[in-house]
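Input: a single structure, listed below in structure tokens.
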Amino acid sequence: MGKYDTPAVKERKRGRPYRIAIVLAIIVFLLLAPEVQEGKYMDPTLSDGQVLVVTKSRYSAKRKAPEHDKLVILEKTTSLDAGAKDNITSRVIAVPGDTVEIKNGTVYVNEEEYVTKNGIKGAKGSFKSTRLKGNQVFILSDNRSVKQYDSRNPDVGLVDMRQIKGNVLFRVWPLNKLSYMGEK
């Protein structure tokens with residue numbers, strides 16, 4: 001504060017850090033949300049009880065599609081339809097325009113074997129060759145022996161990308177596993 005500031009100016013300068021903190025808190029609240037991973041269906045990438053920070057992202061054919069390999073959180077209505085008690089975390093394998101197929105334990109996207117950036121490949125079961133349209137995405141759990149919460153389950157099926165609540169950005173708990181998840 002300046003030596004010759006009036007009391008009103010001094011008062012405004014004193015309140016400035018609080019106003020900035022409030023504005024930042026509102027921005028963070030509007031753009032980010034915490035999520036707790038429940039279950040082992042995303043092992044080895046995410047474990048039961050880990051706390052995630054999710055960016056609130058909306059997708060549609062008019063806006064944009066999520067990227068391949070992106071970890072996303074589905075809206076609760078989609079999760080409940082699949083029998084989950086809370087939101088489902090999953091990995092986007094294919095987006096509109098892609099052809100996806102699971103045959104003989106191998107996942108194919110556009111007729112090429114699909115392997116995640118962290119080396120997860122294959123999947124139990126089968127899925128006939130399907131070309132995704134409009135707002136459809138195909139999701140898989142990282143623990144490929146569990147198909148309850150991904151597109152292999154008919155109760156989930158091809159997911160309308162408008163049902164994606166957001167992207168997993170960070171893992172913040174436990175602290176020894178703190179990491180950026182945007183590229184995992």
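Heads up: numbering here begins at 1 and tracks the sequence.
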Of all residues at least two apart in sequence or in a different chain, which pass the side chain to side chain donor-acceptor pair (under 3.5 Å) check with D142? T45, R91

Restricting to pairs with a member in residues 114-147, which pass ring pair (Phe, Tyr, Trp, His ring centres under 6.0 Å), not counting sequence neighbours? F127-F138

Among residues two or more places apart or on two chains, list those pairs meeting side chain to side chain donor-acceptor pair (under 3.5 Å) that have a residue in residues 122-134. none

Surrounding CD of E113 (heavy atoms of other residues, nucleotides or ligands, distance under 6.0 Å), is the total greater than 12? yes

side-chain contact (heavy atoms from CB on, under 4.5 Å), paired with V92, selected from L140, V72, D69: V72

Hydrophobic clustering (ILVMFWY, side-chain heavy atoms < 4.5 Å, transitive) - are L158 and I93 grouped together? yes

Any chance you could pull the hydrophobic cluster mates of I120, using side-chain heavy atoms under 4.5 angstrom and chaining through other members? none

Can you name the ring pair (Phe, Tyr, Trp, His ring centres under 6.0 Å) partners of Y41, sequence neighbours left out? Y149

Once side chain to side chain donor-acceptor pair (under 3.5 Å) is applied, do any residues pair with S90, and if so which ones, sequence neighbours excluded? none

If I compare all heavy atoms of A123 with all of R152, which pair ends up nearest, and what's the gap? CB-NH1, 3.7 Å

For Y108, ring pair (Phe, Tyr, Trp, His ring centres under 6.0 Å) partners two or more places apart: none

Hey, does the side chain of S151 reach the backbone of G157 with a donor-acceptor pair shorter than 3.5 angstrom? yes

Contacts of D160 that satisfy side chain to side chain contact (heavy atoms under 4.5 Å, CB included) - sequence neighbours left out: N135, R162, Q163

With Q50 via side chain to side chain donor-acceptor pair (under 3.5 Å) - residues at least two apart: R171

Are I164 and I139 close enough, and set up right, to give a side-chain contact (heavy atoms from CB on, under 4.5 Å), and what steps lead you there? CA-CA 11 Å; I164 296 173; I139 60 170; 5.9 Å; no

Distance from D43 atom CG to N143 atom CG, nearest 0.5 Å? 6.0 Å

Give every donor-acceptor pair under 3.5 Å between a side-chain atom in residues 96-107 and any protein atom, sequence neighbours left out.
residue, atom, partner, partner atom, Å
D98, OD1, N110, ND2, 3.0
D98, OD2, H68, NE2, 2.4
D98, OD2, V95, N, 3.0

Remaining members of V115's ILVMFWY cluster at a side-chain heavy-atom cut-off under 4.5 Å? none

